[in-house]
Amino acid sequence: MNDSKIKAPRGTFDVLGEQASARTALEARARAILEGAGYERIETPTFEATELFARGVGESTDIVRKEMFTFEDGAGRSLTLRPEGTAPVCRAYVEHGMHKRRQPVKLWYLSSFFRHERAQAGRYRQFWQVGAEALGSDDPAVDAESITLLATLLGEMGVRDLRLRLSSLGGPESRGEYRERLQVHLRAHEQSLSEDVRDRIELNPLRAFDSDHPGTRTVMESAPRLLEHLSDEDAAHFEEVRRLLDATGVPHEVDSTLVRGLDYYTRTVFEFTSDALGAQSGVGGGGRYDRLVERLGGPATPGIGWAAGIERILLAGDGSETEGAATKGGGQPVTAGLVELFVALEDQGPDARAAAFALVTEARSAGLTAQMDLGGRSLKGQLGHANALGARFVAIVGETETVLRDMQTRVQQPLATDSVVHAVLRGQHDL
Ligand code: AMP
């Protein structure tokens, strides 16, 4: 009999002791932040039809070309351990007819993912991600909210030396034209490119920006940039995302070389990195994927989301949240469905929107569960939404002042927008 010791497979690990507590604390923080902003937890199967990732993530990506754990079931169907979470969430959105719900539908997950990568510190073959997806709205405020929530989570986990890079890949039209321009540039310098990049000039030329091959990097320095060739609509969308991030004080750098590895991105893309991590510096990232649901056989549905690696958040974190969690009990659980403040807009003018967005973010930082309507609805529609959510207070942000309505007592008072959070906290206290 062979009785030699059996070890865990390469690139996998056991979660023990302090590590397990740290994960519990992170999960509690993520739940409080995301459910407080109206995200619902979703669990999807550990394996899916291979076709989902081939179509969803894209045949030209590293993930589909070489990193998937794929196997056949007894009946000869090809299945794959999920390498990422967005395609499965979109599949579930279509399968459960979620387009019939109030849009955007906001979902979050914390699950394990599988990629056959070269294992090293911070890079594993089974790893965990926390992720959030908002489907059904192309409003730039959804982009800004999504990014702000990840910034909040990473901030609260004490992730050190954090940077946020942001770009826009435009819509399919400007992207198509740009692709051709980039291909011309790459073909003109084919001799200097790495073999991998050369092989993908036709299939996925944008990936050349991610190469660390010195010759390729030199060629890419003079390559045309997509950000400079956006359509007016895409450029305006990007500007609005940036304006809203500025309104909430989320620092970011525009980086026209950011393309991200997945095929499905359109318009906004972003990535958080931590210099505390060394070579594998990506902590989390995401972007908009306005064509993905359609590509998976669903109705045309815009979407945006992100995923962040649990192991990397904990590696780059300063541990403060974990210590705190021991005394605080791991973050405040959010009562399902409880919305303390709903922010509505009297009109959809850009300044009022930025003020409303800043107010929601301020309320969340103060520990309130707060939401705003991200569907561009009329005031009546927004108040209907607030009612459906059972909001305790509604702030109606206008040009010059904000009206705060207590939905229980029906008392209304005009206020300066910057004193709304204080009034809500006081109002709750008085109950
Ligand atoms: P991606 O889905 O590739 O955009 O990755 C999002 C985040 O997941 C990254 O920023 C990492 O934090 C984490 N991640 C991705 N791949 C791995 C891996 N192989 N091992 C550990 N973490 C990973």
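When a ligand or atom number is given, it counts from 1 through the structure's own listing order.
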Handout entry: G284: numbered ligand 1 atoms lying under 4.0 Å from its heavy atoms
Key = 10 (O)

Practice task
Have a look at ligand 1 and work out which part of V283, if any, has a heavy atom under 4.0 Å from it: side chain, backbone, both or neither.
Solution key: backbone

Practice task
Please determine if G285 has a nitrogen or oxygen closer than 3.5 Å to a nitrogen or oxygen of ligand 1.
Solution key: no

Problem - T50 and S78 side chains, donor-acceptor separation under 3.5 Å - result: yes

Handout entry: Taking atom 4 (O) of ligand 1 as the reference point, the nearest protein heavy atom with its distance
Key = R260 NH2, 2.5 Å

Handout entry: Atoms of ligand 1 close to E117 [distance to a heavy atom under 4.0 angstrom, numbered from 1]
Key = 16 (N), 17 (C), 18 (C), 19 (N)

Practice task
May I ask you to check if ligand 1 and Q129 share an N or O to N or O distance below 3.5 Å?
Solution key: yes

Completion exercise
The closest protein heavy-atom partner of atom 11 (C) of ligand 1 is R312 NH1, 3.4 Å

Handout entry: R31 NZ/CZ over W108 ring centroid, <6.0 Å and within 45° of normal
Key = no

Problem - atom 2 (O) of ligand 1: nearest protein contact (heavy atom, Å) - result: R115 NH2, 2.8 Å

Fill in the blank from the handout: Test side chain to side chain contact (heavy atoms under 4.5 Å, CB included), reference V269, set L169, D255, V259, output is L169

Practice task
Give a yes-or-no answer on whether the side chains of Y124 and E117 include a donor-acceptor pair shorter than 3.5 Å.
Solution key: no

Handout entry: Polar atom proximity, A308 to ligand 1 (N or O, under 3.5 Å)
Key = no

Practice task
Check whether any side-chain N or O of R165 sits under 3.5 Å from a backbone N or O of F272 as a donor-acceptor pair, and report yes or no.
Solution key: no

Handout entry: Flag for S231-D234: side-chain donor and acceptor within less than 3.5 Å
Key = yes

Exercise for the section: Report yes if some N/O of F127 lies less than 3.5 Å from some N/O of ligand 1; otherwise report no. Expected result: no

Exercise for the section: Please determine, by modelled atom types, if E340 and T369 share a side-chain donor-acceptor pair under 3.5 angstrom. Expected result: yes

Handout entry: Any N/O pair E311/ligand 1 closer than 3.5 Å
Key = no

Exercise for the section: Tell me, please: is G122 in heavy-atom contact with ligand 1, that is, under 4.0 Å? Expected result: yes

Practice task
Consider every N or O of A307 and every N or O of ligand 1, then say whether any pair is closer than 3.5 Å.
Solution key: no

Exercise for the section: For R291 and T266, indicate whether the former's side chain and the latter's backbone hold a donor-acceptor pair under 3.5 Å. Expected result: no

Exercise for the section: Keeping the roles fixed (side chain from T361, backbone from F357), state whether a donor-acceptor pair exists under 3.5 Å. Expected result: yes

Handout entry: Residue-ligand contact E84/ligand 1, heavy atom below 4.0 Å
Key = no

Problem - Closest protein heavy atom (residue, atom, distance) for atom 20 (N) of ligand 1 - result: Y124 N, 2.9 Å

Practice task
Measure the distance from atom 13 (C) of ligand 1 to every protein heavy atom, then report the residue, atom name and distance (to 0.1 Å) of the closest one.
Solution key: G309 CA, 3.6 Å

Practice task
Using salt bridge (charged side-chain N to carboxylate O under 4.0 Å, His left out) as the criterion, point out the one residue from D199, D196, D62 that pairs with R207.
Solution key: D62

